[in-house]
Amino acid sequence: MGRLDNKVAIITGAAAGQGEVEAFLFAKEGAKVVITDIQYENVQAVADYINEHFPESAIAFKHDVSSEEDWIEVLEKSIENYGKVDILVNNAGIAATKSYQDTSIDYWHMALDINAWSQFVGIKTVVPYMKKNGGGSIVNIGSLASKLHSAGGFNAYTASKGAIQSLTRSAAVEFAPDQIRINLIQPGPIQTNIVTRSLSKEQIDERAQEVPIRRLGQSQEVANLALFLASDDASYITGADHIIDGGLSVK
Ligand SMILES: NC(=O)c1ccc[n+]([C@@H]2O[C@H](COP(=O)([O-])OP(=O)(O)OC[C@H]3O[C@@H](n4cnc5c(N)ncnc54)[C@H](O)[C@@H]3O)[C@@H](O)[C@H]2O)c1
């Protein structure tokens, strides 16, 4: 028996990294997964791979998470295919790394739209379907960067992730009476493209040495936490921050 049997989960940003691993794990645990990404070919390939292992478990859609129209379309297609939605993992995100002085209003809006407005509008879109269904679980992927300073010009990024942290709390309280739980995961450095694109190999090794566990985290480790929060095992947990950082924030 799987921990997500009979559940339908939407996972954004599932063409790579943490979202891809979450999609595979959720399907392995019995969920039907609706996986989306702005990179359609890659997310379709992830769905094909999942379906090879767990037949008819995954469908993929092209989805720009900063577009409300795209969200509405993804939700309508999810309901058409699977009849309901129980879980949303708001995972898609980008690393905005321009320095303070180089950050223009357009760059700021781009980062905030993709990382924060996306999660607001995702919640806004799924909640009516979850209410009809008697409840649900939403997992927002924030970042440790909204708590701890990150060198390298992460100003717009930290602001976007701070917005998500506050949003998680207010939305969790608002929708708790509807049995919709909303939690935040705050990863420290995790070995994915977002890190390898913004840091050199040397910087990654240095970063690993700063972490008490002496390595970067793996997508599988974040996926295990997302699975717990998405599942009924976390039935009394809502509005909470869940740090996963190898001890970085407490050293
Ligand atoms: N890797 C880390 O160290 C780290 C640390 C803290 C938080 N996070 C967060 O984890 C989440 C997942 O990142 P990851 O590490 O797997 O990186 P990743 O780059 O491997 O994956 C991010 C995915 O999001 C997709 N995406 C980007 N913009 C999009 C858009 N507008 N619409 C839809 N999809 C879009 C990308 O195509 C990609 O597939 C992000 O929210 C990121 O901010 C990552």
Side-chain angles (χ1 to χ4, degrees), residues 10-25 34-47 60-71 73-74 88-97 109-122 125 138-152 154 156-165 167-168 184-199 203-204 207-208 210-211 213 215-223 225-226 229 241-246 248-249:
I10 297 175
I11 303 171
T12 68
Q18 298 169 48
E20 175 181 0
V21 177
E22 282 154 6
F24 188 87
L25 179 63
V34 177
I35 58 175
T36 77
D37 205 287
I38 200 151
Q39 300 186 61
Y40 176 67
E41 282 178 15
N42 294 359
V43 78
Q44 183 57 59
V46 172
F61 297 115
K62 183 173 172 67
H63 179 194
D64 175 354
V65 288
S66 63
S67 157
E68 187 161 14
E69 292 73 30
D70 278 15
W71 269 105
E73 210 182 313
V74 164
L88 167 64
V89 182
N90 266 323
N91 166 73
I94 53 157
T97 54
H109 280 302
M110 186 271 300
L112 273 284
D113 284 355
I114 295 175
N115 288 349
W117 159 251
S118 62
Q119 297 200 7
F120 176 86
V121 77
T125 315
I138 299 173
V139 180
N140 294 334
I141 307 298
S143 172
L144 192 65
S146 68
K147 276 187 169 357
L148 289 189
H149 173 70
S150 252
F154 281 89
Y157 182 79
T158 57
S160 70
K161 295 299 188 180
I164 292 166
Q165 184 171 12
L167 174 69
T168 301
L184 181 72
I185 294 182
Q186 294 182 301
I190 309 297
Q191 183 97 39
T192 67
N193 293 337
I194 216 168
V195 168
T196 47
R197 265 196 307 263
S198 43
L199 299 178
Q203 287 171 313
I204 292 174
R207 193 83 178 121
E210 288 164 17
V211 179
I213 282 186
R215 63 174 176 82
L216 267 55
Q218 298 300 314
S219 293
Q220 186 66 49
E221 294 171 312
V222 181
L225 178 56
L229 293 171
D241 304 343
H242 304 269
I243 293 174
I244 174 164
D245 69 348
L248 187 60
S249 55

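Predicted model, so just to flag it, every value in this text is computed and none were measured. Start at 1 and go down the list; that is how both ligands and their atoms are numbered. We use all heavy atoms of the structure for the numbers below, so side chains are in, but hydrogens, waters and symmetry mates are not.
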Could you tell me if any non-hydrogen atom of [X] lies under 4.0 Å from any atom of ligand 1?
X    : answer
S118 : no
Q191 : no
S67  : no
P189 : yes
T12  : no
K161 : yes

To the nearest 0.1 Å, how far is [atom] from its closest protein heavy atom, and which atom is that?
atom                    : value
atom 23 (C) of ligand 1 : G13 O, 3.7 Å
atom 3 (O) of ligand 1  : I190 N, 2.8 Å
atom 5 (C) of ligand 1  : G188 O, 3.2 Å
atom 14 (P) of ligand 1 : T192 OG1, 3.4 Å
atom 37 (O) of ligand 1 : D37 OD1, 2.6 Å
atom 22 (C) of ligand 1 : G93 O, 3.8 Å
atom 43 (O) of ligand 1 : Y157 OH, 2.8 Å
atom 7 (C) of ligand 1  : G142 O, 3.2 Å

Should you measure from each heavy atom of [X], which atoms of ligand 1 turn up under 4.0 Å away?
X    : answer
V195 : 1 (N), 2 (C), 3 (O)
D64  : 30 (C), 31 (N), 32 (N)
Q39  : 36 (C), 37 (O), 39 (O)
I94  : 27 (C), 28 (N)
I141 : 9 (C), 10 (O), 11 (C)
G17  : 16 (O), 20 (O)
H63  : 32 (N), 33 (C)

Task: Identity of the nearest option to atom 21 (O) of ligand 1, non-hydrogen atoms only, from S146, A16, A95 - done: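 When every heavy atom of S146, A16, A95 is considered, A16 comes closest to atom 21 (O) of ligand 1.
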Ligand 1 to [X] polar contact by distance, N or O atoms, under 3.5 Å:
X    : value
Q18  : yes
V65  : yes
S143 : no

If you round to the nearest 0.5 Å, how far is [atom2] of [Y] from [atom1] of [X]?
X    : Y    : atom1 : atom2 : answer
S67  : I38  : OG    : CD1   : 9.0 Å
H242 : L229 : NE2   : CG    : 4.5 Å
D245 : L144 : CG    : CG    : 5.0 Å
S146 : D241 : OG    : CG    : 7.5 Å
I243 : L248 : CD1   : CG    : 9.5 Å
I164 : L112 : CD1   : CG    : 9.0 Å

TODO: Mind checking whether N91 contacts ligand 1 via backbone (N, CA, C, O), side chain (CB onward), both or neither, at a 4.0 Å heavy-atom cut-off?
DONE: both
Open item on the list: Does only the side chain of R197 get under 4.0 Å from ligand 1, or the backbone, or both, or neither? Count heavy atoms.
Closed with: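 Under 4.0 Å from ligand 1, R197 contributes side-chain atoms alone.
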Task: K161 and Q186: CA distance, side-chain angles, deciding distance, side-chain contact (heavy atoms from CB on, under 4.5 Å) verdict - done: CA-CA 9 Å; K161 295 299 188 180; Q186 294 182 301; over 6 Å; no
Open item on the list: Quick check: closest heavy atoms across P187 and G142, and the distance to 0.1 Å?
Closed with: CD-O, 3.4 Å
Open item on the list: Checking Q18 against T192: is there a side-chain donor and acceptor pair closer than 3.5 Å?
Closed with: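 No.
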Is there a donor-acceptor contact under 3.5 Å from the side chain of [X] to the main chain of [Y]?
X   : Y    : result
K62 : E41  : no
W71 : V65  : yes
E68 : T125 : no
N90 : T12  : no
N91 : I11  : no

Task: side chain to side chain contact (heavy atoms under 4.5 Å, CB included) partners for A15, two or more places apart - done: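 In terms of side chain to side chain contact (heavy atoms under 4.5 Å, CB included), with neighbours along the sequence ignored, A15 is linked to D37, Q39, N42, V43.
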Task: side-chain contact (heavy atoms from CB on, under 4.5 Å) between D64 and E69, intermediate numbers included - done: CA-CA 9 Å; D64 175 354; E69 292 73 30; over 6 Å; no
